[in-house]
Asker: 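Encoded as structure tokens, here's the structure I'll be asking about.
All values below were derived from every heavy atom in this structure, side-chain atoms included, with hydrogens, water molecules and symmetry-related copies excluded. All chains are named by letter (A, B, ...) in the order of the sequence lines, taking the proteins before the strands, and each is independently numbered beginning at 1.
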Number of protein chains: 2
Amino acid sequence: MEQRPNPYAANCPTRLVLDRLADKWAVLLLGLLASGPQRFNQLRREVEGLSQKMLSQTLKGLQRDGLIERTVFATAPITVEYALTPLGRTLISPIEALRLWAESHIGEVVAAQAAYDDAGPAVPVMPMKVQNVGAGSPAAR
Amino acid sequence: MEQRPNPYAANCPTRLVLDRLADKWAVLLLGLLASGPQRFNQLRREVEGLSQKMLSQTLKGLQRDGLIERTVFATAPITVEYALTPLGRTLISPIEALRLWAESHIGEVVAAQAAYDDAGPAVPVMPMKVQNVGAGSPAAR
DNA sequence: CGGCATCCAGATGGATACTG
DNA sequence: CAGTATCCATCTGGATGCCG
């Protein structure tokens, strides 16, 4: 069997967890819940661009992973609260680190993107007249 | 204008960076490059399940963000090396933190998933006979 | 070796409507 | 309020083939 000592194998547990965290909504929601329990539509309003479907789906996934907890209150119009579990709370530290990095380096990233996009479109050195020579497919189709 | 003080707005720069990091291949590649420069097909072989297309695409994205650097060597069969930039190197710390979390808590996550999947299918407390009562739409659709 | 272009199946996710 | 379900457009990403 191709047992490799490398942690980048598909079967590596780290990969599995990383895949889950590779979900922008999940990370954002965990960050929000770090400051206290929140209700469904409360979260929905807070995270701009998050559809009801994705919210529901993401919350279910996080709950399945044991990172958040769902509590139902039998109030008049039913109330549901989502909160971090003890396990989920251990994740806020790494996530905060990520957010801090993003906040302090966003400028450099944007600058790099601008430089890349500027040099990208045209040929870097010696443009030469690139007329529409080459694969001249007239009837573009 | 609906200017909100909340960092969860779509226009928030943090969101933009988080979105980029919300890419499992990107995180894995950064982790690999943390231990030194690597060549294209070398990375391809190391990350199981990563197709050529995604590798190329992800590397280009990381390069655009100024996190990695692409160097071409005019050797016989051309050689290309990818390495972290100084900016990229500042990211390995938060990423390592994430990986450490994953490695130390994977067990709890898997256990939570198993518990969830076990309790999910059936009704948790007091199953009661849930015959096919309810919205009985005979001619389904 | 290190890519890019094309094709296309399947996953993603928004909009909408309806339930408890 | 807190969802679930369906429809459907779009995007993702793998497979393949070709080029420098």
Side-chain angles (χ1 to χ4, degrees), chain A residues 10 15 19-20 22-26 28-29 33 37-64 68-83 120-121 123-125 128 130 133-137 140-141, chain B residues 10 19-20 22-26 28-29 33 37-64 68-83 120-121 123-124 128 130 132-137 139-141:
Chain A
R15 275 273 295 261
D19 279 15
R20 276 242 139 273
D23 178 342
K24 59 177 187 176
W25 301 128
L28 286 170
L29 288 174
L33 292 175
Q38 311 256 345
R39 289 182 304 109
F40 189 88
N41 284 332
Q42 205 170 351
L43 291 167
R44 180 151 148 61
R45 274 186 297 270
E46 248 160 347
V47 183
E48 193 172 356
L50 174 55
S51 70
Q52 181 278 332
K53 181 179 179 175
M54 289 318 295
L55 174 58
S56 179
Q57 191 174 302
T58 304
L59 287 172
K60 221 178 298 182
L62 289 173
Q63 192 191 349
R64 191 178 103 102
I68 68 175
E69 195 179 26
R70 180 177 181 273
T71 312
V72 181
F73 295 94
T75 52
I78 197 175
T79 299
V80 181
E81 220 176 61
Y82 290 91
V123 180
V125 283
M128 58 169 112
V130 189
V133 192
S137 27
R141 185 276 171 254
Chain B
D19 278 14
R20 275 242 136 274
D23 177 342
K24 60 176 185 170
W25 301 128
L28 286 171
L29 288 174
L33 292 175
Q38 310 256 346
R39 290 184 304 111
F40 190 86
N41 284 330
Q42 206 171 351
L43 290 167
R44 182 151 146 60
R45 274 187 296 271
E46 246 159 350
V47 183
E48 193 172 358
L50 172 56
S51 70
Q52 182 279 329
K53 181 178 179 176
M54 290 318 294
L55 174 58
S56 178
Q57 192 174 302
T58 305
L59 287 173
K60 221 180 296 183
L62 290 173
Q63 192 191 349
R64 191 178 103 100
I68 67 174
E69 194 180 27
R70 180 178 181 272
T71 312
V72 181
F73 294 95
T75 51
I78 197 174
T79 300
V80 181
E81 221 176 62
Y82 290 91
V123 180
M128 58 168 110
V130 188
N132 53 347
V133 192
S137 25
R141 193 261 182 287

Asker: Only counting residues at least two apart or in another chain, list the ones meeting side chain to side chain contact (heavy atoms under 4.5 Å, CB included) with B/Q63.
Answerer: A/Y116, B/I68, B/R70
Asker: Whole angstroms only, please: what is the NZ-C1' distance between A/K60 and D/dA2?
Answerer: 12 Å
Asker: Pull out every residue in residues 68-82 of chain B that has a heavy atom closer than 4.0 Å to any atom of DNA chain C, ordered by number, or say none.
Answerer: B/R70, B/P77, B/I78, B/V80, B/Y82
Asker: Would you call A/K60 and A/Q57 a side-chain contact if the rule is heavy atoms closer than 4.5 Å?
Answerer: no
Asker: If I take atom CD in residue A/Q42 and atom C1' in nucleotide D/dC1, what distance separates them, rounded to the nearest angstrom?
Answerer: 12 Å
Asker: Taking B/Q52's backbone N and O only, do any of them form a donor-acceptor pair with B/S56's side chain (distance below 3.5 Å, no angle check)?
Answerer: no
Asker: To the nearest angstrom, how far is A/L59 atom CG from D/dA2 atom C1'?
Answerer: 11 Å
Asker: Could you write nucleotides 9-15 of chain C as a row of B, S and -, 5' to 3', where a protein heavy atom under 4.0 Å of any base atom gives B, of only sugar-phosphate atoms gives S, and otherwise -?
Answerer: ----BBB
Asker: Could you walk me through whether A/E46 and A/L28 satisfy the side chain to side chain contact (heavy atoms under 4.5 Å, CB included) test, starting with their C-alpha distance in whole Å, then the side-chain angles of each, then the deciding distance to 0.1 Å, before giving a yes or no?
Answerer: CA-CA 10 Å; A/E46 248 160 347; A/L28 286 170; over 6 Å; no
Asker: Any chance you could lay out the side chain to side chain contact (heavy atoms under 4.5 Å, CB included) test for A/L50 and A/L29, step after step, and finish with the verdict?
Answerer: CA-CA 10 Å; A/L50 174 55; A/L29 288 174; 4.3 Å; yes
Asker: Which pair of heavy atoms, one from B/Y82 and one from B/V80, lies closest together, and at what distance?
Answerer: CE1-CG1, 3.8 Å
Asker: How close or far is atom P of D/dT4 from atom CG of A/L55, stated in whole angstroms?
Answerer: 11 Å
Asker: List, with names and distances, any nitrogen or oxygen atoms from the protein found under 3.5 Å away from nitrogen or oxygen atoms belonging to nucleotides 8-11 of chain D.
Answerer:
none

Asker: Give me the bend of the helix from C/dC1-D/dG20 to C/dG20-D/dC1, using the axes of the five pairs at each end, rounded to 10°.
Answerer: 50°
Asker: Show, in sequence, the C-alpha distance, side-chain angles and deciding distance for B/L43 and B/L33, and conclude whether the side chain to side chain contact (heavy atoms under 4.5 Å, CB included) test is met.
Answerer: CA-CA 9 Å; B/L43 290 167; B/L33 292 175; 4.1 Å; yes
Asker: Kindly give the heavy-atom pair with the smallest separation between B/E81 and B/P37, and that separation in Å.
Answerer: OE1-CB, 3.5 Å
Asker: Which atoms form the tightest heavy-atom contact between A/R44 and A/S51, and what is the distance?
Answerer: NH1-C, 3.9 Å
Asker: Under 4.0 Å between a side-chain N or O of A/R45 and OP1 or OP2 of D/dC1?
Answerer: yes
Asker: Quick one: pull up NZ in B/K24 and OG1 in B/T58 and give me the separation to the nearest 0.5 Å.
Answerer: 10.5 Å
Asker: Tell me whether the side-chain N/O atoms of A/R39 come closer than 4.0 Å to OP1 or OP2 in D/dC1.
Answerer: no
Asker: Tell me, do A/L55 and A/N41 make a side-chain contact under 4.5 Å, heavy atoms counted?
Answerer: no
Asker: Side chains of A/D23 and A/M54, heavy atoms from C-beta outward: is any pair under 4.5 Å?
Answerer: no
Asker: Of all the nucleotides listed (C/dC1, D/dT4, D/dA2), which has the minimum atom distance to the side chain of A/N41?
Answerer: D/dA2
Asker: Which residues pass the side chain to side chain contact (heavy atoms under 4.5 Å, CB included) test with A/T71, not counting sequence neighbours?
Answerer: A/F73
Asker: Grab the CG-C1' distance between B/D23 and D/dT12 for me, whole Å please.
Answerer: 11 Å
Asker: Using whole Å, report how far CG of A/D19 lies from C1' of D/dG13.
Answerer: 14 Å
